[in-house]
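One structure below.
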Amino acid sequence: MTATTATTATTPATTVPATTSEGPAPDHTALHLPVIDWFDKHARDLPWRRPEAGAWGVMVSEFMLQQTPVSRVLPVYEEWLKRWPRPADLAAEAPGEAVRAWGRLGYPRRALRLHNAAAAIAERHGGEVPTDHHQLLALPGVGEYTAAAVASFAYGQRHAVLDTNVRRVFARAVTGTQYPPNATTAAERKLARMLLPAEAATAARWAAATMELGALLCTARAPECARCPIAELCAWRGAGSPAHEGPPRRGQTYAGTDRQVRGKLLAVLREAVGPVPRPVLDRVWHEPEQRARALNGLVADGLAERLPDGRYRLPGAD
């Protein structure tokens with residue numbers, strides 16, 4: 001979901017086209033140069049893209065940007081790095097402090113996962129975010145996407161980085177469909193690997209550039225094809241921009257859901273200076289069964305603790 005300027009190569013290397021039982025696969029290397037050139041001119045200046053962000057800054061941004069727009073992430077990210085500039089700084093705090101600092105970014109389990117990853121980095125890797133992709137993948141809370149993103153954006157390595165924006169660009173530009181499948185498929189991963197430039201620094205730049213192209217121009221609702229650097233090469237546009245024919249795209253609801261109730265309960269715990277009595281939490285939602293289910297879910301997920309006297313607090317808080 002993000003990229004750093006740790007890699008500066010701008011001239012794409014030639015890739016070797018993959019072969020299939022039906023013969024050589026199409027050579028899509030013509031996409032590389034215009035996309036990377038566009039990125040060099042139009043990329044947003046974001047703090048995690050600056051060299052001083054380092055691998056830890058990239059990792060923090062990747063956790064925060066999952067399903068969350070840049071505008072909401074920026075203030076939380078900057079405060080987070082001021083408070084915890086190194087993994088060991090975060091690891092030394094109670095996990096509840098990570099949840100508190102996460103604020104209203106949503107999906108607060110990401111805060112716990114990032115805290116767990118920081119603790120593992122401090123314990124296993126001397127406080128430095130590992131450079132090896134397999135070691136990144138072994139960190140708690142780090143999946144294939146995050147491991148590839150950190151290895152690529154922080155260390156300039158050659159990995160296929162597939163977030164929603166990149167998948168949409170590839171779906172349109174290469175496969176000729178308006179939207180990618182709801183869940184990442186093996187075919188998408190194979191295509192992403194096939195499209196990677198051979199040279200590592202260029203591949204990392206390509207990953208960042210395709211992500212930015214999807215975020216700024218090849219958007220889900222209103223793609224700006226007239227400004228796209230590969231409009232003339234786009235399979236979807238060339239086919240007349242056909243409408244999506246696959247399964248309906250999943251929408252997200254929030255109002256009235258358990259997720260909303262959890263957010264309200266967690267907001268009270270975050271803002272409290274000490275443990276919170278149950279009657280205070282009961283005031284945040286009118287329906288007792290849903291409220292109890294949401295509160296129990298927070299405890300089960302490790303986002304809240306129930307004390308012996310019946311009060312609640314953030315995990316590990318004093």
Does a side-chain heavy-atom distance below 4.5 Å link D309 with P275?
no

Smallest separation among heavy atoms of A30 and L233, with atom names
O-CD1, 3.8 Å

E232/R237 ion pair, N-O < 4.0 Å
yes

Is there a donor-acceptor pair closer than 3.5 Å between any side-chain N or O of E199 and the backbone N or O of T202?
yes

Just by distance, do the side chain of R110 and the backbone of Q66 share a donor-acceptor pair under 3.5 Å?
yes

Measure the OG1-NE2 distance between T210 and H32 for me, rounded to the nearest 0.5 Å.
9.0 Å

Could you check whether any side-chain N or O of Y179 sits under 3.5 Å from a backbone N or O of A220, counting only pairs where one atom can act as donor and the other as acceptor?
yes

Would a 4.5 Å heavy-atom cut-off, applied to side chains only, mark R50 and D45 as touching?
yes

Could you pull out every donor-acceptor pair under 3.5 Å between side chains of residues 83-94 and any protein atom, sequence neighbours left out?
{"unit_1": "R83", "atom_1": "NH2", "unit_2": "E97", "atom_2": "OE1", "d": "2.9"}
{"unit_1": "W84", "atom_1": "NE1", "unit_2": "E93", "atom_2": "OE2", "d": "3.4"}
{"unit_1": "R86", "atom_1": "NE", "unit_2": "D89", "atom_2": "OD2", "d": "3.2"}
{"unit_1": "R86", "atom_1": "NH2", "unit_2": "D89", "atom_2": "OD1", "d": "2.9"}
{"unit_1": "D89", "atom_1": "OD2", "unit_2": "R86", "atom_2": "N", "d": "3.0"}

Between the CD atom in E212 and the CZ atom in R44, the distance rounded to the nearest 0.5 Å is 4.0 Å

Sole residue of L46, V60, L65 in side chain to side chain contact (heavy atoms under 4.5 Å, CB included) with Y77
V60

Using a 4.5 Å cut-off on heavy atoms from C-beta on, say whether the side chain of F63 contacts that of V142.
yes

Those residues at least two apart in sequence (or on a different chain) that pass side-chain contact (heavy atoms from CB on, under 4.5 Å) with T184 are L162, R167, E188, R189

Residues two or more places apart in sequence or in another chain: which of them pass side chain to side chain donor-acceptor pair (under 3.5 Å) with R124?
none

Are any side-chain N or O atoms of E305 and backbone N or O atoms of G316, one a donor and one an acceptor, separated by less than 3.5 Å?
yes

In the single-linkage hydrophobic clustering (I, L, V, M, F, W, Y; side-chain heavy atoms under 4.5 Å), do L269 and V261 co-cluster?
yes

Do P108 and L266 have side chains that approach each other closer than 4.5 Å (heavy atoms only, starting at C-beta)?
yes

Between E224 (side chain only) and A226 (backbone N and O only), is there a donor and an acceptor less than 3.5 Å apart?
no

Quick one: CD on E271 to CG on L314, what's the gap to the nearest 0.5 Å?
10.5 Å

Grab the two heavy atoms, one from C218 and one from P223, that are nearest each other, plus how far apart they are.
CA-CB, 4.4 Å

With a 3.5 Å distance limit and no angle check, can you tell me whether E78 reaches the backbone of P47 through a side-chain donor-acceptor pair?
no

Trace of the side chain to side chain contact (heavy atoms under 4.5 Å, CB included) decision for V129 with L136:
CA-CA 8 Å; V129 177; L136 286 167; 3.7 Å; yes

No-hydrogen, no-angle side-chain donor-acceptor test under 3.5 Å, N165 and R168
yes

Is there a donor-acceptor contact under 3.5 Å from the side chain of Q135 to the main chain of H125?
no

What residues, two or more places apart in sequence or in another chain, satisfy side chain to side chain donor-acceptor pair (under 3.5 Å) together with R72?
none

For the residue pair A207 and V166, what are the closest heavy atoms and their distance?
O-CG2, 4.4 Å

Working to the nearest 0.5 Å, report the span between CG of L195 and CG of L191.
4.5 Å

Hey, does V174 have a side-chain heavy atom less than 4.5 Å from the side chain of L31?
yes

What is the minimum heavy-atom distance between L139 and M59, and which atoms define it?
CD1-CE, 3.9 Å

Around R104, counting heavy atoms of other residues, nucleotides and ligands shown, do more than 12 lie under 6.0 Å from its CZ?
no

Check whether any side-chain heavy atom of W56 sits under 4.5 Å from a side-chain heavy atom of L81, and report yes or no.
yes

Ring-plane angle category for H133 and H159, please: parallel below 30°, perpendicular beyond 60°, tilted otherwise.
parallel

Transitively linked via ILVMFWY side-chain contacts under 4.5 Å: V58 with L137?
no

Roughly how far, to the nearest 0.5 Å, is CE of M211 from OG1 of T164?
9.5 Å

Between R113 and Y107, is NZ or CZ placed under 6.0 angstrom from the six-membered ring centre and within 45° of the ring axis?
no

How about M194 and K190: do any of their side-chain heavy atoms sit closer than 4.5 Å?
no

CA sep, side-chain torsions, deciding dist, call: T177, H244, side chain to side chain contact (heavy atoms under 4.5 Å, CB included)
CA-CA 7 Å; T177 57; H244 180 63; 5.9 Å; no

Using side-chain heavy atoms (C-beta onward) and a distance below 4.5 Å, is P130 in contact with I121?
yes

Quick one: ring-ring contact (aromatic ring centres under 6.0 Å, His included) pairs with a partner in residues 285-315, sequence neighbours left out?
none

Would you check, one step at a time, whether the test side chain to side chain contact (heavy atoms under 4.5 Å, CB included) holds for V70 with W48?
CA-CA 11 Å; V70 167; W48 45 83; 4.2 Å; yes

Should the ring pair F170 and W206 be called parallel, tilted or perpendicular, given that the plane angle runs from 0 to 90° and is split at 30 and 60?
parallel

Polar contact flag, side-chain donor to acceptor under 3.5 angstrom, S241-R172
no

Is a side-chain N or O of W236 found less than 3.5 angstrom from the main chain of G240, in a donor-acceptor match?
no

Of all heavy-atom pairs linking I230 and P34, the shortest is CG2-CG, 3.7 Å

Tell me whether R278 contacts the main-chain N or O of R311 through its side chain, where contact means a donor paired with an acceptor under 3.5 Å.
no

Is it the case that more than 12 heavy atoms not belonging to E52 sit under 6.0 Å from its CD atom?
yes

With rounding to the nearest 0.5 Å, note down the distance linking CH2 in W80 to CE in M64.
5.0 Å

Does anything in residues 261-270 form a salt bridge (charged side-chain N to carboxylate O under 4.0 Å, His left out)? List the pairs, not counting sequence neighbours.
R262-D301

Which atom of A55 lies closest to which atom of Y155, heavy atoms considered
CB-OH, 3.1 Å

